[in-house]
Amino acid sequence: MKQQDRTFSSFSPRSPRWSALMLMAAVAVLAGCASPNTRAPVEDRRNPPAKPAPTASATIVVPGSVITEASPVKPQPGIENAGKPGYYTVKAGDTLIRIALDNGQPWRDVGRWNGLDNPNLIEVGQVLRVVPPNVDPTVATVKPVTAAGRVESRTLDGKPVAAAPSAAGSNAPPAAMPATTAAAPPAASRDGDEGLDWMWPANGPVATAFDDVKSKGLAISGKAGDPVFAAADGRVVYAGAGLRGYGNLIIVKHNATYLTAYAHNQTLLVKEEQAVRRGQKIAEMGASDAERVQLHFEIRRQGKPIDPAKLLPPR
């Protein structure tokens, strides 16, 4: 029994024999690692395994989510015509009525030429046709003259409107004017007005002269309810309050070149597509979208405002 105890005690962790044994074991392990016959595992990178192909998956866009990949931008309608004569690129704040007015066209025609189901839905950058499809915008319009010496006024869609007699009109007695028409002496035709006989659209004094930057027309003073007359024969192409800054507005197209605008009215007495005669009462003066009662009157030549005083007869 004592012999066995001495044997176990000789291998106690604190005994010299135990320490020597541990040292020999460590030397043997180091020798094995340094042996040329023992190799550490090496990963072969010459032919790496092919990565699995990504599977196709549908992209689901959740409202409010952030899309990290760039999506293709949808081109605006008509972008291929940008910059061409007879076309207009929509800008921020534009409306179809404003675009039509600035290009001397009925807004319904512009909507039809561009296939607009809803004229209120136009986009910034969209390119709109602002001349009829059968008209070359690079060719000047030539006014047709009839054999009787009358200028036949036509709209851009080819529909004739009542022609105004020239200064040397025929000897036939004039037709009786309706009760809502103001009697006015015929005005002599002036150069560039295509034979239209112009008259003043209201009887009041001019409060503000023409300015091609600010007013773009004449401001004629008066009282609420005063009559507003058509300045020449034509066709109503707009009657409403859809153009900001003009209030209750009437736009009359006289021929392929001229249209007139009558703004800030209290009451409108005509409707779109209605033919009107020179001197016919078409509205009553008011202050809609204005600081005071007045008639804002514009004459536009091919959509560009010109000074009405250059065409209206002297008072």
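- Annotation: side chain of Val252 is in contact with side chain of Tyr262 (closest heavy-atom distance under 4.5 Å).
- With hydrophobic clusters built from ILVMFWY side chains whose heavy atoms lie under 4.5 angstrom apart, Trp113 does not share a cluster with Tyr87.
- The shortest non-hydrogen separation linking Leu268 to Leu249 is CD1-O, 3.9 Å.
- Hydrophobic clustering, with ILVMFWY side chains joined whenever heavy atoms are under 4.5 angstrom apart, keeps Val293 apart from Leu269.
- Note: Gln266 CD to Lys223 NZ = 12.0 Å, rounded to the nearest 0.5 Å.
- The heavy-atom pair separating Ala202 from Met285 by the smallest distance is CB-CE, 3.8 Å.
- You'll find the side chain of Glu284 reaches within 4.5 Å of the side chain of Lys281, heavy atoms only.
- Without hydrogens or angle criteria, His264 side chain to Ser288 main chain gives a donor-acceptor distance under 3.5 Å.
- Taking CZ of Arg277 as the reference point, atom CG of Asp233 lies at 4.5 Å (rounded to 0.5 Å).
- For Glu80, the CD atom sits in a packed shell: over 12 heavy atoms of surrounding residues, nucleotides or ligands are nearer than 6.0 Å.
- Panel note: side chain Lys271, backbone Val236; no donor-acceptor pair is recorded below 3.5 Å.
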> Given the rule in the side-chain contact (heavy atoms from CB on, under 4.5 Å) test, do Leu96 and Asn120 qualify, once you have shown the distances and angles that lead to the verdict?
Replying inline: CA-CA 7 Å; Leu96 191 63; Asn120 296 319; over 6 Å; no

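- Here the straight-line distance linking atom OG1 of Thr208 with atom NZ of Lys214 works out to 11.0 Å at 0.5 Å rounding.
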>> I'd like to know whether Tyr246 forms a side-chain contact (heavy atoms from CB on, under 4.5 Å) with Asp289, so could you lay out the CA-CA distance, the side-chain angles of the two residues, the decisive distance to 0.1 Å, and finally the verdict.
In response: CA-CA 6 Å; Tyr246 283 77; Asp289 211 358; 5.9 Å; no

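- Hydrophobic clustering (side-chain heavy atoms under 4.5 Å, transitive across Ile, Leu, Val, Met, Phe, Trp, Tyr) groups Ile250 together with Leu312.
- More than 12 heavy atoms of other shown residues, nucleotides or ligands fall within 6.0 angstrom of atom NZ in Lys91.
- Of the possible polar contacts, none joining the Tyr238 side chain to the Ala261 backbone as a donor-acceptor pair under 3.5 Å is found.
- The shortest non-hydrogen separation linking Leu259 to Leu101 is CD1-CD1, 3.7 Å.
- When all heavy atoms of Arg315 and Val206 are compared, the closest pair comes out as NH1-N, 4.4 Å.
- Looking only at distances, no side-chain donor or acceptor of Arg301 sits under 3.5 Å from a matching main-chain atom of Ile306.
- One finds the OG1 atom of Thr257 at 13.0 Å from the CD1 atom of Ile299 (value rounded to the nearest 0.5 Å).
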>> If you apply the rule side-chain contact (heavy atoms from CB on, under 4.5 Å), what do you find for Leu243 with Arg98, and how did you get there?
In response: CA-CA 7 Å; Leu243 192 58; Arg98 166 68 71 179; 3.7 Å; yes

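- What you find for His254 and Thr260 is that their closest heavy atoms are NE2-OG1, 2.7 Å.
- Residues Leu116 and Gln126 meet the side-chain proximity criterion, which asks for heavy atoms closer than 4.5 Å.
- No hydrogens or angles considered: a donor-acceptor pair under 3.5 Å links the side chains of Asp94 and Tyr88.
- Rounding to the nearest 0.5 Å gives a distance of 9.0 Å between CZ of Arg108 and CD1 of Ile97.
- A 4.5 Å side-chain heavy-atom check between Asp212 and Pro305 finds every atom pair outside the cut-off.
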>> Asp307 vs Leu218, test: side-chain contact (heavy atoms from CB on, under 4.5 Å). Steps then yes/no.
In response: CA-CA 8 Å; Asp307 187 355; Leu218 300 178; 4.2 Å; yes

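- Under 3.5 Å, the side chains of Arg300 and Tyr258 contain no donor-acceptor pair of N or O atoms.
- A distance-only check finds no donor-acceptor pair linking the side chain of Trp198 to the backbone of Ala232 [under 3.5 Å].
- Placement of Val127 and Val90 in two distinct hydrophobic clusters is found when ILVMFWY residues are connected by side-chain heavy-atom separations under 4.5 Å, directly or transitively.
- At least one side-chain heavy atom of Pro132 sits under 4.5 Å from a side-chain heavy atom of Gln105.
- Pairing each heavy atom of Val110 with each of Asn114, the nearest pair is O-ND2, 2.7 Å.
- For the residue pair Glu298/His296, the side-chain donor-acceptor check at 3.5 Å is satisfied.
- Between the side chain of Asn103 and the backbone N or O of Gly303, no donor-acceptor pair lies under 3.5 Å.
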